[in-house]
J.: 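The following block contains the structure, expressed as structure tokens.
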Amino acid sequence: MKKLMKLHLKSLFLLPLLLLFVACGKKNDLSAESAISAIIAKNEKIISFGHVSPLEILNKAGIQKIPQINLLVGAQLALWQKGIDLERPIYYAIEGLDASQQLTTYGVINVKNKDSLNDVISQMGYTLEKSNDLLYYQENDVTFGFDDKILIVITKSGEYDGKSLLTKTFETAKGDLSEGKVADILAQEGDFVSGMSIERVFNLSNPIIGNLTEKQKNELADLTSDGYVQSALTFDNGEMRLTSKNLYSEELKDRFYTDKAPMKSFTNKLKGGPAWMGFALNIDMKKTNDFINEFAPNFFKEIAKNLSSEAKLLMLSLGDKALSKLLSGEFAVVKTGNATRTLDMTQNFSGFIGNGSDKSLLPMIMDIAAKKNNEFNDLTEKVQYTNRPGYVAFSAKEDTDNRPVKLPACATNFGKSSMYFFVDFKEMTKQFELPKELQIMREFDHFIIDGTRDETTIVLKSKNPNKNILQQITDFYMKMYLSGQNDLAY
């Protein structure tokens, strides 16, 4: 019985050690993903990172189906694939600017066969040097080296010891892995995936930090702690989609990303009939103003330096509430035109700017600018401004179309999201005689950018939903190229 108790106690003691050993064992299974994860964990200057799948992108573009291109590209890919694994993503990390304003970029690729990779590089005329288990080469800004697991490429401007930096990077690549949001971002699927550390960007690259008090710096550090923007780009049948998610605190979103309720009756403020392009902002200007005052207190003084003496005096007299007094945060502009006039180049437009809490300021500023700024005067020759209750409307002077604006079906969140931009290619391509190289636009349906407090989405839709959008673009330009070759033959 005593022996059984001793064995039980020993097992309880050894179990945590066994689990720790297993966990540590996972770290040593070196790959491109684990290497970049360890580099990010150790290097606090890394501000951006992610992975790209070049072979997947080339396959989606249908390069292998084009003999003229595949003859060259396919042969090179086959050669490199003997040494490196292009079926898996290439990982990267970028250091923020250092004191000498230099960037350092790390790229990591999985190695399939070290000897084959050595042969390929030697055939290209590079003479590799050896350091322990590494084969490496440095030329100017670029240093690369590899062992039997990974290839690391480093680019760094200025003079530096490539061998030393490469050796240190390989050691770092075998260390502890990143956890939490960094690990989640690296695990995301996509043709191109990136992560950006809000915390590190503010600490390393933001010039306003130096002007803040210690209390403000600490508060900003708390707000941005463990904050990231995660982006994933994919090319699929009929569309390209980029989704960027704001993975930072709700408190920072409340302070920094200024959503508000959808604009009311904004279509009544716009005219011109069918719109083929539009841009709208709908932000809480009071929150924006408060954030600037707290973390960029000299912002308005810097803006005032570039204004006329009258505008400068007016801006400074508004004090720290200048933006919210001047602007409501509501802005929209659309481009319209008669779809039957294919050569119409007047590019009619209609828009409005919402007045701030002081309704007289915006018209006054615009009058001052028109009188004192020659460039603004040139603009007013083509644009008519009208003061309305709560906003200033503007449109092209030659535009006599007073029909209410009609938004396309793709503009679902125009005036609702914090930021929205759209292009309706079906309507747009009726307006212009496009140059040959831009006639690819006739293959597209629409393009949108939709930004909210939680994420920003960018979508390019093609008319054909059954073929990858990259292959559609490749097919178009290949057809144009072959047509040009045939013309030369005659």
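Since this is a predicted model, take the numbers as computed values, not measurements.
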J.: Under 3.5 Å, is there a donor-acceptor pair between the side chain of D236 and the main chain of E239?
T.: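 The answer is no, because no donor-acceptor pair under 3.5 Å joins these two groups.
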
J.: Kindly state each residue pair satisfying side-chain hydrogen bond (donor to acceptor under 3.5 Å, both in side chains) with at least one member in residues 108-119, sequence neighbours excluded.
T.: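 Sorted pair list: N113-S116, N118-S122.
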
J.: Would the distance check show the side chain of Y92 and the main-chain N or O of F49 forming a donor-acceptor pair, the cut-off being under 3.5 Å?
T.: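 Such a contact is found between Y92 side chain and F49 backbone.
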
J.: Verify side-chain hydrogen bond (donor to acceptor under 3.5 Å, both in side chains) between E95 and N43, making sure each step is shown before the conclusion.
T.: CA-CA 8 Å; E95 281 188 15; N43 188 342; 2.8 Å; yes

J.: Run the numbers on N413 and D450 for side-chain hydrogen bond (donor to acceptor under 3.5 Å, both in side chains), then give the verdict.
T.: CA-CA 7 Å; N413 289 330; D450 187 357; 2.7 Å; yes

J.: Quick one: closest heavy-atom pair of N237 and N466, and the distance?
T.: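 Answer, listing the atom of N237 first, then N466: ND2-O, 3.9 Å.
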
J.: Take D161 and L165 through the test side chain to side chain contact (heavy atoms under 4.5 Å, CB included) and record every step on the way to the result.
T.: CA-CA 6 Å; D161 185 343; L165 180 57; over 6 Å; no

J.: Less than 4.5 Å apart, side chain to side chain, heavy atoms only: is that true for D445 and F425?
T.: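 D445 does not reach F425 side chain to side chain.
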
J.: Please check if the side chain of R200 supplies one atom and the backbone of I46 the other of a donor-acceptor pair under 3.5 Å.
T.: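 Between the backbone of I46 and the side chain of R200 there is a qualifying donor-acceptor contact (under 3.5 Å).
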
J.: Looking at L281, is its backbone amide N or carbonyl O close enough to the side chain of E330 to form a donor-acceptor pair, meaning the two atoms are under 3.5 Å apart?
T.: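 The answer is no, because no donor-acceptor pair under 3.5 Å joins these two groups.
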
J.: Please give me the minimum heavy-atom distance between V193 and I185, naming the atom from each residue.
T.: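 Scanning both residues, the minimum pair turns out to be CG1-O, 3.5 Å.
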
J.: Is atom CD of E44 surrounded by more than 12 heavy atoms (other residues, nucleotides or ligands) closer than 6.0 Å?
T.: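 No, the 6.0 Å shell around CD holds no more than 12 heavy atoms from other groups.
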
J.: When rounded to the nearest 0.5 angstrom, what distance separates OG in S324 from CE in M285?
T.: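 These two atoms lie 8.5 Å from each other.
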
J.: Measuring from I121:CD1 to L151:CG, what's the distance to the nearest 0.5 Å?
T.: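 If we round to the nearest 0.5 Å, I121:CD1 and L151:CG are 6.5 Å apart.
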
J.: Are R453 and E250 side-chain neighbours, meaning at least one heavy-atom pair lies under 4.5 Å?
T.: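 Side-chain contact under 4.5 Å: yes.
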
J.: State, with a plain yes or no, whether a side-chain heavy atom of S34 is found less than 4.5 Å away from one of K174.
T.: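 S34 does not reach K174 side chain to side chain.
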
J.: Does V201 reach the side chain of E199, with side-chain heavy atoms less than 4.5 Å apart?
T.: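 V201 does not reach E199 side chain to side chain.
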
J.: Go through it in stages, so that I can follow the logic: the residues are K156 and D141, the test is salt bridge (charged side-chain N to carboxylate O under 4.0 Å, His left out), and I'd like the CA-CA distance, side-chain angles, deciding distance and then a yes or no.
T.: CA-CA 5 Å; K156 182 179 176 70; D141 295 352; over 6 Å; no

J.: Where is the tightest heavy-atom contact between K321 and D290, given as atom of each residue plus distance?
T.: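 Heavy-atom minimum between the residues: NZ-OD1, 3.1 Å.
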
J.: Should V459 and F447 count as side-chain neighbours, where that means a heavy-atom distance under 4.5 Å?
T.: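 They are not in contact (no side-chain heavy atoms under 4.5 Å apart), so the answer is no.
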
J.: For the residue pair L233 and M240, what are the closest heavy atoms and their distance?
T.: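 Shortest heavy-atom contact: CD1-CG, 3.7 Å.
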
J.: Drop me the distance from I448's CD1 to F421's CZ, to the nearest 0.5 angstrom.
T.: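 CZ of F421 is found 11.0 Å from CD1 of I448.
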
J.: Under the 3.5 angstrom rule, does the side chain of Y477 hit a backbone N or O of E437 as a donor-acceptor pair?
T.: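 Checking the backbone N and O of E437 against the side chain of Y477, a donor-acceptor pair under 3.5 Å is found.
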
J.: Checking ring pair (Phe, Tyr, Trp, His ring centres under 6.0 Å) against F266, which of F414, F352, F331 comes through?
T.: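 Single pass found, and it is F414.
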
J.: With a 4.5 Å heavy-atom cut-off, do I292 and L323 have their side chains touching?
T.: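 Side chain of I292 against side chain of L323, heavy atoms only: contact under 4.5 Å found.
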
J.: I'd like to know if the side chain of K335 reaches the main chain of A275, judged simply by a donor and an acceptor atom lying under 3.5 Å from each other, with no hydrogens or angles considered.
T.: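 No.
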
J.: Which heavy-atom pair separates T172 from A38 by the least distance, and what is that distance?
T.: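 For T172 versus A38, the nearest heavy atoms are O-CB, 3.3 Å.
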
J.: Quick one: does T457's side chain have a donor or acceptor within less than 3.5 Å of a partner on T243's backbone?
T.: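 A pair under 3.5 Å: no.
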
J.: Counting heavy atoms not belonging to E179, are there more than 12 under 6.0 Å from its CD?
T.: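 Check fails, neighbour count at 12 or below.
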
J.: Carefully, step by step, assess T224 and L252 under the rule side chain to side chain contact (heavy atoms under 4.5 Å, CB included).
T.: CA-CA 7 Å; T224 60; L252 180 58; 4.2 Å; yes

J.: Under the side-chain hydrogen bond (donor to acceptor under 3.5 Å, both in side chains) criterion, do E443 and S462 qualify, and how do the steps go?
T.: CA-CA 6 Å; E443 306 298 319; S462 66; over 6 Å; no

J.: Check whether any side-chain heavy atom of I94 lies under 4.5 Å from a side-chain heavy atom of T104, and answer yes or no.
T.: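 The answer is no; the side chains never approach within 4.5 Å.
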
J.: Nearest 0.5 Å, what's the CZ-CD1 distance between R88 and I109?
T.: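 Atom-to-atom, R88:CZ and I109:CD1 are 12.0 Å apart.
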
J.: Hey, what do you get for CE (M478) to OG1 (T474), rounding to the nearest 0.5 Å?
T.: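 Taking CE in M478 and OG1 in T474, the distance rounds to 10.0 Å.
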
J.: Between V229 and L247, is there a side-chain heavy-atom distance shorter than 4.5 Å?
T.: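 With C-beta onward as the side chain, the pair stays apart.
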
J.: To the nearest 0.5 Å, tell me how far L103 CG sits from K45 NZ.
T.: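 Spacing of CG (L103) from NZ (K45) equals 11.5 Å.
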
J.: Indicate yes or no for a side-chain donor-acceptor contact from S178 to the backbone of A41 under 3.5 Å, with no hydrogens or angles considered.
T.: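 At least one qualifying donor-acceptor pair exists.
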
J.: Do Y160 and T143 pass the side-chain hydrogen bond (donor to acceptor under 3.5 Å, both in side chains) test, and can you show the C-alpha distance, the side-chain angles, and the key distance before you say yes or no?
T.: CA-CA 10 Å; Y160 70 100; T143 301; 2.8 Å; yes

J.: With side chain to side chain contact (heavy atoms under 4.5 Å, CB included) as the test, would you mind laying out the steps for L117 and F146 before giving the verdict?
T.: CA-CA 9 Å; L117 180 56; F146 55 93; 3.6 Å; yes

J.: State plainly whether the residues E129 and K163 are in salt-bridge range, i.e. N to O under 4.0 Å.
T.: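 Answer for the salt bridge query: no.
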
J.: Main chain of S244, side chain of Q230: is a donor-acceptor contact present, judged purely on distance under 3.5 Å?
T.: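 Here the side-chain-to-backbone pair does not exist.
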
J.: Y136 and Q138: side-chain donor and acceptor closer than 3.5 Å?
T.: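 No donor-acceptor contact under 3.5 Å links the two side chains.
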
J.: Decide, yes or no, whether a salt bridge links K168 with E171 under the criterion of side-chain N to carboxylate O below 4.0 Å.
T.: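 Between E171 and K168 there is no salt bridge, as every charged N stays at least 4.0 Å from the carboxylate O atoms.
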
J.: Verify the neighbour count for atom CG of D226: are there more than 12 heavy atoms of other residues, nucleotides or ligands below 6.0 Å?
T.: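 More than 12 within 6.0 Å, yes.
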
J.: Can you check side chain to side chain contact (heavy atoms under 4.5 Å, CB included) on E219 and D222, steps first, answer last?
T.: CA-CA 5 Å; E219 184 177 2; D222 290 339; 5.6 Å; no

J.: Mind listing the closest non-hydrogen atom pair of Y248 and G227 along with its distance?
T.: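 The pair with the smallest heavy-atom distance is CB-CA, 3.7 Å.
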
J.: Against K253, only a single residue in T452, D454, N246 fulfils side chain to side chain donor-acceptor pair (under 3.5 Å); can you say which?
T.: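 The passing option is D454.
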
J.: Describe, in one word, how the ring planes of Y126 and F144 are oriented to each other, choosing from parallel (under 30°), tilted (30 to 60°) and perpendicular (over 60°).
T.: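 Ring orientation of Y126 relative to F144: perpendicular.
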
J.: Give a yes or no answer on whether the side chain of Q471 reaches the backbone of A61 with a donor-acceptor pair at less than 3.5 Å.
T.: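 Pair absent, no side-chain N/O of Q471 close to backbone of A61.
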
J.: Can you list the steps and then say if H51 with Y91 is a ring pair (Phe, Tyr, Trp, His ring centres under 6.0 Å)?
T.: CA-CA 4 Å; H51 57 81; Y91 291 82; 5.2 Å; yes

